[in-house]
There are 2 protein chains.
Amino acid sequence: MPVRDAEATRRRLLAAATADFAAHGIAGARVDRIAAEAGVNKALLYSHFGDKLGLFDAVFRMNADAVVEATPFTAEDLPDYAVRLYDAAIARPELIRLATWARLERVTPGGLVMDEAASDAKLRAIAEAQRTGFITPAMEPRDVLALVIAMALTWSCASLSYAAAPGDPEADHERRRRALSTAVSGAFRP
Amino acid sequence: MPVRDAEATRRRLLAAATADFAAHGIAGARVDRIAAEAGVNKALLYSHFGDKLGLFDAVFRMNADAVVEATPFTAEDLPDYAVRLYDAAIARPELIRLATWARLERVTPGGLVMDEAASDAKLRAIAEAQRTGFITPAMEPRDVLALVIAMALTWSCASLSYAAAPGDPEADHERRRRALSTAVSGAFRP
DNA sequence: ACGTTGTAACTATCTAGTTAGTTACCGGAG
DNA sequence: CTCCGGTAACTAACTAGATAGTTACAACGT
């Protein structure tokens, strides 16, 4: 590999920035700390990303795409989708933190993580599952989707009720998965 | 009223600090801005609250107590409790934001808003409602409570799925209340 | 030779927290 | 009633360090 590699530099910056923004938020993150952690000169960071906000947006977009692609949506089996989302949120808390910072410090209302296309596809799948009797037709698809996601993130690191600790015994996780599955199953039964 | 009133000064500081912390978080809030907004000298702020974190903790405790007392818990009617919590979250988004900042920047795992006593009382009420057949005994009370709260906050300003806008038409709120009520009702049915 | 990649040092501004001193209030002595 | 002294409430100005962003210049590779 070459001594000079703009692409690799960019990746190192994004990795360091992801960690720092997830830990401290936009206002709390430090540009010098990120550059030092990445082993990159600060001026180089600015030439790549413009400013601190530009760096945050790049970090957020990258990670939001990753998480959406990582957990495929199954409208005809919402409990399973919820459980997989629970696992993803526990396994990668920094993504949840990043999204929460973005919500608080950047975009105020509306959708956040998913783009229009990803969201639309899920909504259509829910409508179809309502027609075929997997999901109650008593709610609008967008409310079904929002509720399932909220339920899956009940114990996430940004939860206002009760956040799971990283070192919780597997039995706790298993108990929550069962509770979540039961609750989702009942909540949207036709 | 006296020209000098330490208690009134304290209240003005807490009010200004609540607004600033809710808007910008701990790292983003500015001590000078808070003092100026309250019309209080900065040194006075420090004599009252020690430092920035001390001020935040005072602000958070005050508001957390207020919200817990404002929405009484009814284990035998969880859908109604959820709807009242939804309304509270929409009406006072700054409380939700404050709690979310606290979660991200201060306490990492475990409970957040409620103290031991308030939480215990709710958990016992849920256990009782499980015995009397209002709530499924298939889940532990703590999971029931966490899930209900998470569901009620599905559209709150800190939601990762879809945040309600302040100016949403009443029809949207009504639609969400019905969806929430239906979902909660189904999720914990025995 | 020349654009891309990289660096060290710098600046202007901001920020939490402090200090040394001033003013209103209040209870008691005269 | 009024003067006095102590104390609590309050203030202007300051400090030391941090912070985002810039500049002028050097080295690499092709």
Side-chain angles (χ1 to χ4, degrees), chain A residues 1-62 97-98 101-102 104-107, chain B residues 1-62 97-98 101-102 104-107:
Chain A
M1 50 202 98
V3 177
R4 303 195 149 191
D5 186 339
E7 195 47 47
T9 300
R10 196 186 165 83
R11 273 196 305 274
R12 283 211 314 281
L13 279 172
L14 282 172
T18 296
D20 212 70
F21 279 124
H24 305 104
I26 300 177
R30 294 293 170 249
V31 173
D32 293 84
R33 201 163 49 198
I34 292 170
E37 178 64 28
V40 165
N41 189 281
K42 194 167 45 141
L44 217 43
L45 183 158
Y46 279 92
S47 86
H48 272 291
F49 297 103
D51 60 7
K52 197 187 185 184
L53 265 178
L55 177 57
F56 178 82
D57 287 342
V59 161
F60 180 63
R61 231 165 334 205
M62 182 182 77
R97 292 179 61 91
L98 218 45
W101 292 115
L104 288 175
E105 302 190 89
R106 296 281 286 166
V107 295
Chain B
M1 52 205 95
V3 177
R4 302 190 152 191
D5 185 339
E7 196 47 48
T9 301
R10 197 186 164 83
R11 274 196 304 273
R12 284 211 312 283
L13 279 171
L14 282 171
T18 296
D20 212 71
F21 279 125
H24 306 104
I26 300 177
R30 293 292 170 250
V31 174
D32 293 84
R33 202 163 48 198
I34 292 169
E37 178 66 28
V40 166
N41 189 281
K42 194 166 44 140
L44 216 42
L45 184 157
Y46 280 92
S47 88
H48 272 291
F49 298 102
D51 60 8
K52 198 188 186 185
L53 265 178
L55 177 57
F56 178 81
D57 286 342
V59 162
F60 180 62
R61 230 163 334 198
M62 183 183 75
R97 292 180 61 91
L98 217 45
W101 292 116
L104 288 175
E105 302 190 87
R106 294 282 286 166
V107 294

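To find a chain, count down the sequence lines: A is the first, B the second, and so on, and within it residues start at 1.
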Taking [atom1] from [X] and [atom2] from [N], how many angstroms apart are they, rounded to a whole number?
X	N	atom1	atom2	answer
Asn41(A)	dA24(D)	CG	C1'	13 Å
His48(A)	dT7(C)	NE2	P	11 Å
Leu44(B)	dA13(D)	CG	P	17 Å
Ile34(A)	dT19(D)	CD1	C1'	12 Å
Leu45(A)	dT23(D)	CG	P	17 Å
Arg10(A)	dT4(C)	CZ	P	16 Å
Glu7(A)	dT5(C)	CD	P	10 Å
Leu53(A)	dT19(D)	CG	C1'	15 Å

When the ring planes of Phe21(B) and Phe56(B) are compared, do they come out parallel, tilted or perpendicular, using 30° and 60° as the limits?
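Geometry flag for Phe56(B) against Phe21(B): perpendicular rings.
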Ignoring hydrogens and geometry beyond distance, is the side chain of Lys42(A) in donor-acceptor contact with the base of dG21(D) at under 3.5 Å?
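When only heavy-atom distances are counted, Lys42(A) does reach the base of dG21(D) through a donor-acceptor pair under 3.5 Å.
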Within the modelled atom types, does a donor on one side and an acceptor on the other bring the side chain of Asp5(B) and the base of dA9(D) under 3.5 Å apart?
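Looking at the base of dA9(D), it does not pair with any donor or acceptor on the side chain of Asp5(B) (distance under 3.5 Å).
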Between the side chains of Arg33(A) and His24(A), does any donor sit under 3.5 Å from an acceptor?
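Short answer, yes.
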Pick base, sugar-phosphate or nothing for Ser47(B), based on heavy-atom distances below 4.0 Å to the nucleic acid.
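The residue Ser47(B) makes no contact with any strand.
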What's Ala43(B) touching, base or sugar-phosphate or nothing? Going by heavy atoms closer than 4.0 Å.
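Base, at least one base heavy atom under 4.0 Å.
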What are the residues of residues 18-32 of chain A, sorted by number, that bring a heavy atom to within less than 4.0 Å of DNA chain C?
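None - not one residue of the stretch has a heavy atom sitting under 4.0 Å from the strand.
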Side-chain contact test, heavy atoms from C-beta onward, threshold under 4.5 Å: evaluate it for Leu45(A) versus Thr9(A) and give yes or no.
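With C-beta onward as the side chain, the pair stays apart.
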Hey, what do you get for CH2 (Trp101(B)) to CG (Leu104(A)), rounding to the nearest 0.5 Å?
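Taking CH2 in Trp101(B) and CG in Leu104(A), the distance rounds to 4.5 Å.
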Closer to the 5' end of DNA chain D via nearest nucleotide, is it Gly39(B) or Asp51(A)?
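Its nearest nucleotide lies further toward 5', so the answer is Gly39(B).
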To the side chain of Arg4(B), which of dG21(D), dT5(C), dA8(D) is closest?
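In terms of side-chain proximity for Arg4(B), the closest of dG21(D), dT5(C), dA8(D) is dA8(D).
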Under a 3.5 Å distance rule, please check whether Glu37(A) uses its side chain to pair with a backbone N or O of Ala16(A) as donor and acceptor.
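No, because the side chain of Glu37(A) does not come within donor-acceptor range (under 3.5 Å) of the backbone of Ala16(A).
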Phosphate OP1/OP2 of dG6(C) contacted by Thr9(A) side-chain N/O (<4.0 Å):
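Yes, such a contact exists.
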Is the closest basic N to carboxylate O distance between Asp32(A) and Lys42(A) below 4.0 Å?
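A salt bridge is present here (some side-chain N lies under 4.0 Å from a carboxylate O).
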Note: Asp57(B)-Arg106(B) ion pair, threshold 4.0 Å (strictly below):
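A salt bridge is present here (some side-chain N lies under 4.0 Å from a carboxylate O).
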